[in-house]
Amino acid sequence: LVIERLRRTFPDGFVLGVGQILPHKRIEQLIETMHVVNSIHDKNVGLVLVGVARQEKYLEAINQHQKTVPFVNVEFLGSVTDQELATVYRMAKCYFGMSDHEGLCIPPLEAMSFGLPVVIKGTGAIPETLKDAAVVLPTNASLALAAEAIVEVLDNAPLRGVLASRGHELIQNIEASEGTQKSVKKMLELVA
């Protein structure tokens with residue numbers, strides 16, 4: 001059901017964001033960046049967001065904002081099952097995050113477990129956690145820079161291969177270490 005709907009809605013693919021829909025996640029920057037990707041770089045790539053909206057007013061504001069930003073089709077999936085999340089990771093072209101602060105940040109690691117390239121703002125523990133297995137943007141990254149990074153990942157197959165390889169190695173190192181996060185283990189089980 002999810003697969004067919006996403007294929008129909010995004011025939012040229014989509015970029016994925018996973019996490020709660022909260023102001024510090026900067027959902028508006030994800031939407032605006034994808035506008036730049038599609039309008040300036042002549043792509044037709046959608047944006048799929050998975051996660052629970054914890055603040056109804058923020059979700060309303062994002063929905064209103066989305067209507068004013070052309071050239072981007074956004075799908076809010078809300079809360080999904082682990083199987084649905086695994087499917088969405090498998091279908092996405094790239095994982096993208098612009099959060100203003102993050103801890104360990106499990107979703108990019110989950111994305112890497114599926115071989116998905118990651119483009120993400122380097123806030124909080126992101127640089128230390130993801131190292132060179134992701135395109136880590138400066139904390140003050142502009143929408144133009146974020147869009148260029150996404151386009152490079154979408155268009156550059158060798159770069160995607162390097163990121164997938166580094167991501168796989170990073171996940172293996174995390175898996176081998178004590179205290180592996182449960183959600184990463186769960187995603188790894190879904191990959192197998």
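Note that the structure is predicted; figures quoted are calculated from it, not measured. We use all heavy atoms of the structure for the numbers below, so side chains are in, but hydrogens, waters and symmetry mates are not.
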Could you walk me through whether Glu60 and Asn63 pass the side-chain contact (heavy atoms from CB on, under 4.5 Å) check? CA-CA 5 Å; Glu60 287 172 21; Asn63 283 325; 5.7 Å; no
Of all heavy-atom pairs between Ile21 and Gly51, which one has the smallest distance, and what is that distance? CG1-O, 3.7 Å
Using a 6.0 Å cut-off, check whether atom CD of Gln55 has over 12 heavy atoms from anything other than its own residue. yes
Mind checking whether Tyr58 and Glu28 have side chains closer than 4.5 Å, heavy atoms only? yes
Verdict with supporting geometry, Leu30 and Ile27, side-chain contact (heavy atoms from CB on, under 4.5 Å): CA-CA 5 Å; Leu30 300 180; Ile27 304 302; 4.0 Å; yes
Working for salt bridge (charged side-chain N to carboxylate O under 4.0 Å, His left out), residues Asp100 and Lys25: CA-CA 6 Å; Asp100 280 339; Lys25 295 291 188 179; over 6 Å; no
Backbone of Ser99 reached by a side-chain donor or acceptor of Thr123 within 3.5 Å: yes
Member of Arg8, Arg7, Arg5 meeting the salt bridge (charged side-chain N to carboxylate O under 4.0 Å, His left out) criterion with Glu75: Arg5
What are the two closest heavy atoms between Val45 and Phe14, and how far apart are they? CG1-CA, 3.7 Å
Keeping Thr68 on the side-chain end and His65 on the backbone end, is there a donor-acceptor pair under 3.5 Å? yes
At their closest point, which heavy atom of Leu130 faces which heavy atom of Pro108, and how far apart are they? CD1-CB, 3.9 Å
Apply side-chain contact (heavy atoms from CB on, under 4.5 Å) to residues Asp132 and Leu163 and explain how you reach the verdict. CA-CA 8 Å; Asp132 67 348; Leu163 291 173; over 6 Å; no
So, the side chain of Arg26 versus the backbone of Met98: is there a donor-acceptor pair under 3.5 Å, distance only? no
Shortest non-hydrogen contact from Tyr95 toward Val18: OH-O, 3.2 Å
On a heavy-atom basis, the closest approach of Leu143 and Gln29 is CD2-O, 3.7 Å
Candidate pair Val135 and Ile120, rule side-chain contact (heavy atoms from CB on, under 4.5 Å), full reasoning: CA-CA 6 Å; Val135 176; Ile120 192 164; over 6 Å; no
Cut-off 3.5 Å, side chains only: do His41 and Glu148 have a donor facing an acceptor? no
Nearest non-hydrogen partners of Leu116 and Cys94, listed with the distance: CD1-N, 3.5 Å
Donor-acceptor pair, Asn156 side chain versus Glu152 backbone, under 3.5 Å? no
Could you check whether atom NZ of Lys43 has more than 12 heavy atoms from other residues, nucleotides or ligands sitting under 6.0 Å from it? yes
Is there a donor in the side chain of Tyr89 and an acceptor in the side chain of Glu84, or the other way round, less than 3.5 Å apart? no
